[in-house]
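The structure under discussion appears below in the form of structure tokens.
Naming: A, B, ... by sequence-line order, numbering from 1 per chain. Bear in mind the structure is a predicted one, so any value in this text is a computation, not a measurement.
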Number of protein chains: 2
Amino acid sequence: MPIRQNILIAVDAVVFGYMNANLHVLLVKRKGSTFHKEWALVGGFVLDDEPLTTAVKRELKEETGVQLDYLEQLFTFGDTVDRDPRSRVISVAYFGLINSSKIVPIGDTDAMDAKWYPVNELPDLAFDHSEILNSALDRLRAKLTYQPIGFDLLPNEFLFSELEQLYVTLLGKDIDRRNFRKKIMSFGFLEETSLFKQKKSGRPAKLFRFNDLKYRELESKGIYFDL
Amino acid sequence: MPIRQNILIAVDAVVFGYMNANLHVLLVKRKGSTFHKEWALVGGFVLDDEPLTTAVKRELKEETGVQLDYLEQLFTFGDTVDRDPRSRVISVAYFGLINSSKIVPIGDTDAMDAKWYPVNELPDLAFDHSEILNSALDRLRAKLTYQPIGFDLLPNEFLFSELEQLYVTLLGKDIDRRNFRKKIMSFGFLEETSLFKQKKSGRPAKLFRFNDLKYRELESKGIYFDL
DNA sequence: CCAAAAGTGTTGTGGTTACACCCATGA
DNA sequence: TCATGGGTGTAACCACAACACTTTTGG
């Protein structure tokens, strides 16, 4: 094949985690020459014989050590020819969610170069990474209405109020507690456990668990949440 | 930047058109060495300083002369390292729709190398193009439930029965004529014209037109069609 | 007057919304 | 006993599904 191109291909990951009743994104502090010490999404160049998804997972592991519960392709950014000042780079962006119980609280010490940032307190980002992050946020909110995404963000066992709070945070509007409970329960993919969690004050609350089997059944038929 | 990659980047387009009460895809007959004379999606390599969308449009123009009414990024195929036998190629696939009234009936003569194929009579395709086409079909059907896609496929003025027929074809199930009409009309983005179309037999039918303004309004709020 | 396609309403049902009070606990 | 958050039911309303006959034209 006689063709010669001078375009590089990279992958970037927008990984969301939910902690302290807030949505967070995983960012890394760059060390190379360009955008030195600025915050950016996790990502890097794809190896010649490496599938794209392998590349994202490798970068995530190398740069932050996190392991994902959910990963999907988001969008390929290649309409802006100079999005990387060094050379033309096309980036395949991925969108990931991590279960709160698996979150390793990296970067709360300043020694690390990876950190969970609350989405409402983001720093300026390198390259066009803000744009990428924004499309990921749009996707997240859209998914919320047709997939019970909460379950990939919450720990394996959680309070109903935590699920509700997550929806409130992500949708940015209030929810009627009774109606929400009725709706979620009607899907049948939530199980009550017999465990309770004692909070500092107030009545102890039941812990719930997600039933994957029931969920996969429904998923194939297509669910629709309005809220 | 010291990095060197040996990966090529291409774009491919899955373009749908609706004619003779059937969904069609635009295919081209390959002429190069690999997959010579086999049918494939329209596509080709991206130029070094060319935005991705420009590349797809250029290829479409060069190979078939069609001009699209709707184009969106579909998916980037790069998990299979040997999808192109010659070299590693990552392909950014696009999904397009064309208005019936703009369809140039290429390829009904055998001299041409581009042709509209009905989706239920597809030939074998080169590379992993069947897979790409299938994801485009999935996307098309999914979009149908939250966007009035019919309007990008039908001519500017059309019969209600044509719109209905389009949904029947794409969804593969029957629709109640009265309920369908009520639902579509309730959105308010369809306008009656005062024109009539006389068919060979039967009562003449009103022609309808799509009101873009009203549609864009609704689109931002999010529409939902069940059907 | 027959064939062909267009056009048109009503009713039952099930889901969604709106809404407010009691319960269990720790301090 | 008070503060805090957890848990629950009902009634009005609206959207959807099911269903069949009449109208207009050409042959």
Test of understanding: with salt bridge (Lys or Arg N to Asp or Glu O under 4.0 Å), list the residues that count as partners of B/Glu192, not counting sequence neighbours.
B/Lys206
Rounding to 0.5 Å, atoms CD1 (A/Ile90) and OG1 (A/Thr80) come to a distance of 10.5 Å
Can you check the B/Phe196 CZ to D/dT25 C1' distance for me, whole Å?
12 Å
Could you tell me the separation between the CG atom of A/Leu207 and the C1' atom of D/dG7, rounded to a whole number of Å?
15 Å
If you restrict it to nitrogen or oxygen atoms, what contacts under 3.5 Å exist between nucleotides 24-26 of chain C and the protein, and what is each distance?
unit_1	atom_1	unit_2	atom_2	d
C/dA24	N3	A/Arg203	N	3.4

Provide, to the nearest angstrom, the distance between the CZ atom belonging to A/Phe187 and the P atom belonging to C/dG15.
11 Å
Using the closest heavy atom to pick a nucleotide of DNA chain C for each, name whichever of B/Phe208 or A/Arg177 lands nearer the 5' end.
B/Phe208
Protein-to-nucleotide contact annotation, 5' to 3' order, nucleotides 10-17 of chain D [B base; S sugar-phosphate only; - none; under 4.0 Å, heavy atom]
B-----SB
Can you check the B/Lys206 NZ to C/dA5 C1' distance for me, whole Å?
14 Å
Does B/Phe189 have any ring-ring contact (aromatic ring centres under 6.0 Å, His included) partners at least two apart in sequence or in another chain, and if so, which?
B/Phe151, B/Phe187, B/Phe210, B/Tyr215
Salt bridge (Lys or Arg N to Asp or Glu O under 4.0 Å) with A/Glu38: which residues, sequence neighbours excluded?
none
Sequence-distant partners of B/Phe95, side-chain contact (heavy atoms from CB on, under 4.5 Å), two or more places apart:
B/Phe16, B/Tyr70, B/Glu72, B/Leu74, B/Leu97, B/Ala136, B/Arg139, B/Leu140, B/Lys143
What's the CZ-P distance between A/Phe180 and D/dT8, to the nearest Å?
15 Å
By the salt bridge (Lys or Arg N to Asp or Glu O under 4.0 Å) test, which pairs, at least two apart or in different chains, include something from residues 62-71 of chain B?
B/Arg58-B/Glu62, B/Asp69-B/Lys102
Side-chain donor/acceptor contact of A/Arg178 with base of D/dG7 under 3.5 Å:
no
For a side-chain contact (heavy atoms from CB on, under 4.5 Å) check, start with the C-alpha distance between A/Leu133 and A/Val25, then their side-chain angles and the critical distance, and finish with the verdict.
CA-CA 9 Å; A/Leu133 204 152; A/Val25 200; 4.1 Å; yes
Rounded to whole Å, the CG-P distance (A/Asp174 to C/dA18) equals 12 Å
Given axes from five pairs at either end, by how many degrees does the helix from C/dC1-D/dG27 to C/dA27-D/dT1 bend, rounded to 10°?
10°
Residues in ring-ring contact (aromatic ring centres under 6.0 Å, His included) with B/His24, at least two apart?
none
Between P on D/dG9 and CE on A/Met185, what's the gap in Å once rounded to a whole number?
13 Å
Output the single nucleotide from D/dG7, C/dG7, D/dC19 whose closest atom is nearest the side chain of B/Asp176.
D/dC19
Those residues that, when tested against B/Tyr117, pass ring-ring contact (aromatic ring centres under 6.0 Å, His included) (two or more places apart)
B/Trp39
d(CD1, B/Ile175; C1', D/dC19) in whole Å:
17 Å
What pairs with B/Asp128 under salt bridge (Lys or Arg N to Asp or Glu O under 4.0 Å), at least two apart in sequence or on another chain?
B/Arg83
For A/Asn120, which residues count as a side-chain contact (heavy atoms from CB on, under 4.5 Å) partner, sequence neighbours excluded?
A/Asn22, A/Pro118
